[in-house]
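So the structure is just underneath, and the comments pick up after that.
When reading the values below, keep in mind they use all heavy atoms of this one structure, side chains included, and skip hydrogens, waters and symmetry mates. Naming convention: chains lettered A, B, ... in sequence-line order (proteins, then strands); numbering from 1 in each chain.
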There are 2 protein chains.
Amino acid sequence: MSENEETTHSATRNRLLQAALQAFGSRDYDGVSTREIVEAAEANISAISYHFGGKRGLYLATVDFLAEKLQSGMNDQLEQIRQTAEETPPDRSATLICDFLLHFLEHILLGEMGKHAPGIIFREQNQPTEAFNILYEKLLAPMHHTLALLVARYRGQQASDPASIIMAHALIGQTVIFRIGRTMLLRRLNLSAYSTANIETLKNQLRRNYLALLNSPPDPTETDIRHHAE
Amino acid sequence: MSENEETTHSATRNRLLQAALQAFGSRDYDGVSTREIVEAAEANISAISYHFGGKRGLYLATVDFLAEKLQSGMNDQLEQIRQTAEETPPDRSATLICDFLLHFLEHILLGEMGKHAPGIIFREQNQPTEAFNILYEKLLAPMHHTLALLVARYRGQQASDPASIIMAHALIGQTVIFRIGRTMLLRRLNLSAYSTANIETLKNQLRRNYLALLNSPPDPTETDIRHHAE
DNA sequence: TTGATTAAGTCAAACGATTGATTGAAATTA
DNA sequence: TAATTTCAATCAATCGTTTGACTTAATCAA
């Protein structure tokens, strides 16, 4: 009762989700075979149909599993940030934004999240399926909203102002590109992998980039993607 | 003689490449069937083995086809930029960078390139295969190098300085995130697609972002990812 | 010009292998 | 006993590839 649905189910079900997360995280839906998953999960093939109704059901459950896993670790942080932002002067929002994004960067570069999530998230962005809704509601939207809130607070705009939303998007992009474009950047730098020293350098550089963006003057012509800002 | 190899081959071969580009651009390697490709290309199944040795060969040829196609349109532009940069004072490099990136943005948002290339490029970044080398050599590296050159020139650094490379990467990331994360941003803005007005707004915002990043002070501690800058 | 020869390209048909899914019995648990 | 879960075996469908005959076009000797 203290646990949610997933954990009260059979152990086989959890092993399938773990194995599926690993598989779908590194390869595409069609590139993953059900037999490969059940082998990694030490389960029988029919377990997929039994527990999830089929391969498609397993994929959706896996995305939900991933979203739930990441959400639990991030929502507390986001909530805390929103509270802190309300209690401190607006100009401190920049620090909150930087700290959150740099923490996020570490997660996608080094953490467990960085292994599986990016592949799935990008694939769903590029060719959205039902699974994108799950990712958006549980992961992308909360993060995006909180960031836009802080941006608006710091820059004296409305959180619903598209300018704030675009800026939040730009800040996120500035961050995730070092995970998404990792292969390209590493090759440019003649590195085979990020070292901890590399990541420190990146964080320093990114912090300056964040502040440069946040402190840049808003559009004087008040261009608005949907309506005019109030 | 005036044409290169590709065009002198059979028409079937070209139709296969076109169909394969469309297919591999929107779906994953394993998600695309050879029969689907030959159907779109109005060719026989055995044509793939005949012309490319197999599905894998067709994929590699398709990536090369894509790279070649985009390279031709970009290399001239890059070369022109490098020349212009040498003839004008360093502080004008910022304008060159902005113009190039904004032109690039339009291409990936509206142009033919935006349809197929992003999916293939990201996939090869996330799970590199032999095809990544083709993309890197013909597309990513030239663009990255030129941008780093201009950045270094504008900021008074060496083009080989990792700080310049990282800044170039950040600028590219700032741009492509509006294509990669399109689905998320559009949902946040309650839009179904970018309009030309939207894109103008984006370009205005991005130009300010570029300049903010380019004008931001370099790292005072001279942190260097590989060695110390001279 | 003619007819034979050769090579290039295309075609329908079939190959074995693998795919996701299903079956009904067996095992496990309540 | 009854419900849940796991299992080996098998299903039809699709996968990438191969085969050998067929068509087309170019080449060359007569």
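Among the heavy atoms of the strands lying under 4.0 Å from A/Ser33 are primed sugar atoms or P, OP1, OP2 only; no base atom is included.
In this structure, NZ of A/Lys55 is placed 15 Å from P of C/dT18, rounded to the nearest angstrom. The interatomic distance linking A/Asp28 (CG) with C/dT19 (P) rounds to 14 Å, in whole Å. When the P atom of D/dA8 is taken as reference, atom CD1 of A/Ile45 falls 9 Å away, rounded to whole Å. Put simply, CG on B/Leu16 is 14 Å from P on D/dG16, counting in whole angstrom units. Residue A/Asn44 contributes atom CG, which lies 9 Å from atom P of D/dT6 at whole-angstrom precision. We find that OH of B/Tyr50 is positioned 17 Å from P of D/dG20, with the value rounded to whole Å. To the nearest angstrom, C1' of C/dT18 lies 15 Å from CD1 of A/Ile37. In this structure, A/His51 places its NE2 atom 16 Å from C1' of C/dA21, rounding to the nearest Å.
Taking a cutoff of 4.0 Å between a charged side-chain nitrogen and a carboxylate oxygen, B/Lys138 and B/Asp64 qualify as a salt bridge. A salt bridge does not link A/Asp30 with A/Lys55: none of the charged nitrogens is closer than 4.0 Å to a carboxylate oxygen.
Taking side-chain N and O atoms only, B/Ser10 has no distance below 4.0 Å to OP1 or OP2 of C/dG9.
Both tests pass for A/Arg56 against the ring of A/Tyr29: distance under 6.0 Å to the centre and angle within 45° of the axis.
Taking only distance into account, the side chain of A/Ser46 meets the base of D/dC7 through a donor-acceptor pair shorter than 3.5 Å.
Side-chain contact annotation: A/Asn198 with A/Ser195, donor-acceptor N/O pair under 3.5 Å present.
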